Amino acid sequence: MLLKARPCGIQYVTRLELAFTKSSFHNMPCEVAARFLILYGSQRGQAQSIAEEICQQAAEHGFTADISCLSNQHKYNVDREIRPVVFVVSTTGDGDPPDTAHKFVRKIKNKSLVHDHFSHLRYALLALGDTNYANFCNGGKTIDSRLQQLGAKHFYATGHADDGTGLEVVVDPWIEGLWDALKKIFSSMSTSNQQSADLSDCTQDNYHKNASGQEKNKSGLEVDLQLLKLSEVDSQKEKTITSDSSDVETLSTALVASLKQSVPPLSESVLNVPALPASYLEVCLEQVSTEGETVPSDKDGYREVSISKAVQLTQDDAVKNAILLELDISEQSIAYQPGDAFDILCPNRASEVEELLLRLDLQTRKNCAVQVNLLKNSSKKAAKVPLHIPQSGSLQFILTWCLEIRSAPKKAFVRALADFTQNGSEKRRLLELCSKEGSADYNSFVRDTNVCLLDLLRAFPSCLPPLSLLFEHLPKLQPRAYSAASSSLQHPGKVHFVFNVVEFPACPEHPARTGLCTGWLADHVSSILRPLGTVPASEHLGTSSQPKVHVRPRPSSTFHLPADPSIPVVMVGPGTGVAPFIGFLQQREKEREANQEATFGETWLFFGCRHKDKDFLFREELERFALNGTLSHLIVCFSRDEPDAAGTVNRPTYVQHNLRLHAKNVASILLKNKGCLYVCGDAKNMAKDVNDTLLEIIGNELQIDKLDAMKIVAGLREEKRYLQDIWS
């Protein structure tokens with residue numbers, strides 16, 4: 001029997017047909033007519049990365065792009081901009097624009113601006129968000145709607161990319177359609193010579209057609225790189241090998257898609273792969289002393305504080321291990337309110353840094369000082385040395401504290417890694433993972449399984465990337481935010497956090513591991529960690545023997561108790577989502593003690609966990625609040641406990657079930673008494689279920705349909721009476 005095989009000695013060649021020749025721009029009077037502006041607002045670097053990718057691709061399509069962060073207002077002036085403008089804007093917090101876009105948003109929201117202030121502006125906007133959170137893409141939507149109000153016109157349909165399902169699902173086709181849209185807008189501008197012409201509808205359908213794959217580039221020219229499979233001997237001849245039937249049977253059963261290998265049709269496809277990202281950094285290692293390095297605590301407002309207490313809040317046989325930390329902030333003059341959060345700096349795991357150094361053959365040079373410079377003659381537009389990489393820091397320090405080596409590699413990084421992979425089949429697989437045809441495999445084996453750089457290097461041993469490639473593609477190691485679980489009135493000079501130790505079980509793509517920050521914190525406090533209910537043996541030890549951590553306050557603009565204590569509140573916080581509400585109730589308890597004549601509104605807490613006797617967090621404290629009247633109603637449910645002896649029918653399993661049981665009270669508090677609803681916890685399931693339940697409650701109470709109920713809920717959000725502190 002004959003079995004088809006890939007040609008031996010395959011070479012991977014990329015072919016780029018020029019998207020636009022001189023004749024393609026015959027309508028344009030000069031080269032300058034094809035220049036456009038890219039403005040981005042980025043919180044964690046994703047919007048910036050996408051904007052830079054657009055800028056990089058522009059030259060390949062015959063355009064010239066200028067690029068700037070929205071915060072650099074001295075570098076652009078949209079008030080007078082006649083070129084097409086492309087915005088890329090992310091969303092942060094509770095639907096807020098990123099910090100780098102705040103000044104721009106304030107400027108365009110100025111009420112003194114006339115209705116046609118931006119009538120000259122032609123723009124396209126790509127908004128980034130996550131459907132696991134409320135106010136999806138609201139940062140971009142805020143800018144988009146305001147520009148429209150002031151007379152600006154779209155030249156291309158707005159894209160809304162969802163990080164919950166994969167940004168590339170929308171980003172890639174949106175960028176692909178952008179080039180045809182720009183070609184049309186420039187052609188129209190050139191023909192009419194009137195930059196104020198209304199071009200809002202010229203390409204509204206183009207993006208959607210590209211996204212659905214129903215229409216190819218109208219120029220008939222390929223705008224993607226195609227991977228060609230060429231035989232060294234004869235690319236036209238198909239090589240075959242003979243095999244007996246038993247071999248075929250064995251091979252066919254082994255053909256299961258994984259991180260390391262694909263199956264037909266992907267394994268036999270011609271691939272559309274992204275352009276190779278331009279290199280732009282030069283990294284030198286110098287043999288100089290780098291001793292005495294510490295975490296840059298003073299930078300960006302971080303302070304080093306002692307962890308004075310660590311308590312395990314769950315039983316040993318609980319599904320999740322929850323830990324409470326008490327931080328001593330008495331010497332740091334750090335003020336906070338219940339509802340605020342704190343950023344914690346955490347390092348990459350020492351074992352993973354060591355493995356990475358060994359894999360890159362740099363273990364003996366880990367203490368060398370790193371010098372990073374821009375590569376001369378790089379084709380990358382607006383290239384700059386990343387600010388999060390310090391000059392003259394040791395290589396080990398940078399890999400430990402500055403780069404997120406656990407981050408899932410983006411497709412551009414995978415594409416670049418392929419070029420440093422020696423084995424032909426390994427290189428082919430990496431190119432598949434970053435190709436359009438391999439998007440499903442990328443999501444299944446990289447994105448959804450939290451594969452990191454080390455996992456790829458383990459899976460593809462012939463991949464030997466230079467250090468500069470890591471510096472170009474690995475994002476900044478971000479701090480992790482934790483809600484304060486205390487009130488400074490109850491615990492002066494202290495702040496409490498609570499967290500579950502996140503566990504990622506072993507899978508074919510990576511070994512078992514714990515969450516980067518939660519796992520590190522658990523290890524960091526192991527010497528002082530005590531079970532719940534035991535006497536702290538080390539409480540009186542000096543601070544010199546206590547673990548240290550670097551923190552920075554992260555004040556919330558809205559997630560606080562109402563200024564008027566008579567306003568009733570409903571709190572929904574299952575699991576560790578109860579943390580900020582412990583702070584709320586500690587605050588309210590002290591306020592009640594100090595103002596016994598004052599009127600205080602009702603307080604409702606809906607809490608849930610798996611088992612009453614295993615992971616009922618803060619049980620004693622919550623029951624005390626309920627007993628002394630600080631907490632008017634403590635409503636709890638336990639999702640995994642067996643029904644009691646009475647065999648309760650339809651026993652509430654989750655917090656949303658208890659909300660339904662108390663629907664009239666919840667509706668009365670929100671609709672009649674102008675109360676506030678706070679939700680904290682998991683975004684993917686709990687927060688969505690609570691929101692759906694709220695719509696149902698309001699719809700039933702007011703006898704209105706879902707659309708009208710959604711308007712009521714939107715009004716609650718607008719009035720800051722429906723607030724969320726959620727995470728995915």
Side-chain angles (χ1 to χ4, degrees), residues 14 16 31 34-76 83 85-90 98 100-101 126 128 167 171 175 178-179 182 225 273-286 369-393 395 398-399 402-405 407 409-420 434 453 465-478:
T14 56
L16 175 65
E31 184 184 354
R35 182 181 290 271
F36 69 100
L37 175 65
I38 304 170
L39 298 174
Y40 63 86
S42 190
Q43 188 71 22
R44 290 176 173 256
Q46 292 197 106
Q48 178 180 350
S49 177
I50 292 168
E52 290 174 347
E53 175 66 20
I54 294 171
C55 186
Q56 184 68 28
Q57 289 188 29
E60 299 168 7
H61 295 279
F63 300 107
T64 301
D66 297 314
I67 186 170
S68 174
C69 178
L70 281 167
S71 62
N72 298 327
Q73 296 191 15
H74 61 285
K75 292 186 176 181
Y76 65 91
R83 295 171 295 174
V85 180
V86 175
F87 292 90
V88 184
V89 184
S90 64
T100 54
L126 177 61
L128 312 184
L167 292 175
V171 170
I175 294 176
L178 176 65
W179 311 121
L182 282 166
L225 290 172
V273 301
L276 182 67
S279 298
Y280 66 97
L281 292 181
E282 182 180 55
V283 179
C284 299
L285 299 179
E286 300 179 355
V370 175
Q371 292 293 331
V372 185
N373 299 299
L374 289 178
L375 195 63
K376 293 180 180 179
N377 303 320
S378 171
S379 61
K380 182 178 176 64
K381 296 286 185 180
K384 58 184 178 182
V385 175
L387 297 176
H388 56 272
I389 300 178
Q391 294 287 4
S392 301
L395 177 57
I398 291 172
L399 292 179
C402 304
L403 300 175
E404 186 106 38
I405 66 175
S407 64
K410 302 293 185 185
K411 286 188 175 183
F413 193 8
V414 177
R415 172 66 183 90
L417 288 171
D419 256 37
F420 294 94
C434 69
L453 172 63
L467 189 60
S468 58
L469 197 70
L470 276 60
F471 283 22
E472 290 169 355
H473 288 276
L474 286 174
K476 177 184 178 181
L477 179 56
Q478 296 287 349

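Computed from a predicted model, the values in this text were never measured in an experiment.
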Requested in this report: Return yes if a side-chain donor-acceptor contact under 3.5 Å exists between Glu52 and Gln48, otherwise no.
Outcome: yes

Report task. Over 60° means perpendicular and under 30° means parallel, so classify the ring planes of His61 and Trp179, tilted if in between. Result -> parallel

**Report entry** Closest approach of Ala278 to Lys380 (non-hydrogen atoms, all atoms of both residues)
**Finding:** CB-N, 3.9 Å

Report summary line: Between Pro386 and Tyr280 the two heavy atoms that sit nearest each other are CG-OH, 4.3 Å

Query raised in the report: Does a side-chain heavy-atom distance below 4.5 Å link Leu374 with Glu282?
Result: no

**Report entry** Criterion side chain to side chain contact (heavy atoms under 4.5 Å, CB included) against Phe471, the qualifying member of Leu474, Leu469, Leu467
**Finding:** Leu467

Query raised in the report: Given side chains that start at C-beta, do those of Gln57 and Glu53 come closer than 4.5 Å, heavy atoms only?
Result: yes

Requested in this report: Before giving the answer on salt bridge (charged side-chain N to carboxylate O under 4.0 Å, His left out), spell out for Lys476 and Glu404 the whole-Å C-alpha distance, their side-chain angles and the decisive distance to 0.1 Å.
Outcome: CA-CA 6 Å; Lys476 177 184 178 181; Glu404 186 106 38; over 6 Å; no

**Report entry** Closest contact, heavy atoms only, Gln371 versus Glu286
**Finding:** CG-OE2, 3.3 Å

Report task. Provide the closest heavy-atom pair for Leu70 versus Tyr76 in the form atom of the first, atom of the second, distance. Result -> O-OH, 2.6 Å

**Report entry** Residues Thr100 and Gln43: side-chain donor-acceptor under 3.5 angstrom
**Finding:** no

Requested in this report: Could you please spell out the steps behind the side chain to side chain contact (heavy atoms under 4.5 Å, CB included) verdict for Leu375 and Leu281?
Outcome: CA-CA 5 Å; Leu375 195 63; Leu281 292 181; 6.0 Å; no

Report task. Go through the steps to decide whether Val85 and Ile38 satisfy the test side chain to side chain contact (heavy atoms under 4.5 Å, CB included), and finish with yes or no. Result -> CA-CA 6 Å; Val85 180; Ile38 304 170; over 6 Å; no

**Report entry** His473 side chain near Pro277 side chain, heavy-atom distance below 4.5 Å
**Finding:** yes

Query - Any side-chain heavy-atom pair of Ile54 and Ile175 under 4.5 Å - result: yes

Query raised in the report: Does any non-hydrogen side-chain atom of Ser42 lie less than 4.5 Å from one of Cys69?
Result: no

Requested in this report: Report the distance from atom SG of Cys402 to atom CG of Leu395, rounding to the nearest 0.5 Å.
Outcome: 10.5 Å

Query raised in the report: At their closest point, which heavy atom of Gln46 faces which heavy atom of Leu167, and how far apart are they?
Result: OE1-CD1, 3.4 Å

Query - Cationic N near anionic O, under 4.0 Å, Asp66 to Lys75 - result: no

Report task. State whether the side chain of Ser378 and the backbone N or O of Ser279 hold a donor-acceptor pair below 3.5 Å, judged by distance alone. Result -> yes

Query raised in the report: Looking at side-chain heavy atoms only, is the closest gap between Tyr40 and Phe87 below 4.5 Å?
Result: no

Requested in this report: Measure the shortest side-chain to side-chain distance between Leu37 and Ile67 over non-hydrogen atoms and say whether it is less than 4.5 angstrom.
Outcome: no

Requested in this report: Given side chain to side chain contact (heavy atoms under 4.5 Å, CB included), test Leu403 with His388 step by step and report yes or no.
Outcome: CA-CA 8 Å; Leu403 300 175; His388 56 272; 3.7 Å; yes

Report summary line: Here the pair of heavy atoms bringing Ile398 nearest to Gly393 is CD1-O, 3.9 Å

Requested in this report: Let me see the working for Leu126 and Val89 under side chain to side chain contact (heavy atoms under 4.5 Å, CB included), right down to the final yes or no.
Outcome: CA-CA 6 Å; Leu126 177 61; Val89 184; over 6 Å; no

Report summary line: Rounded to the nearest 0.5 Å, the CD1 atom of Ile50 sits from the SG atom of Cys55 at a distance of 14.0 Å

Query raised in the report: Do any N or O atoms from the side chain of Arg83 and from the backbone of Arg35 form a donor-acceptor pair under 3.5 angstrom?
Result: no

Requested in this report: Report yes if some heavy atom in the side chain of Val385 is under 4.5 Å from a heavy atom in the side chain of Asn373; otherwise report no.
Outcome: no

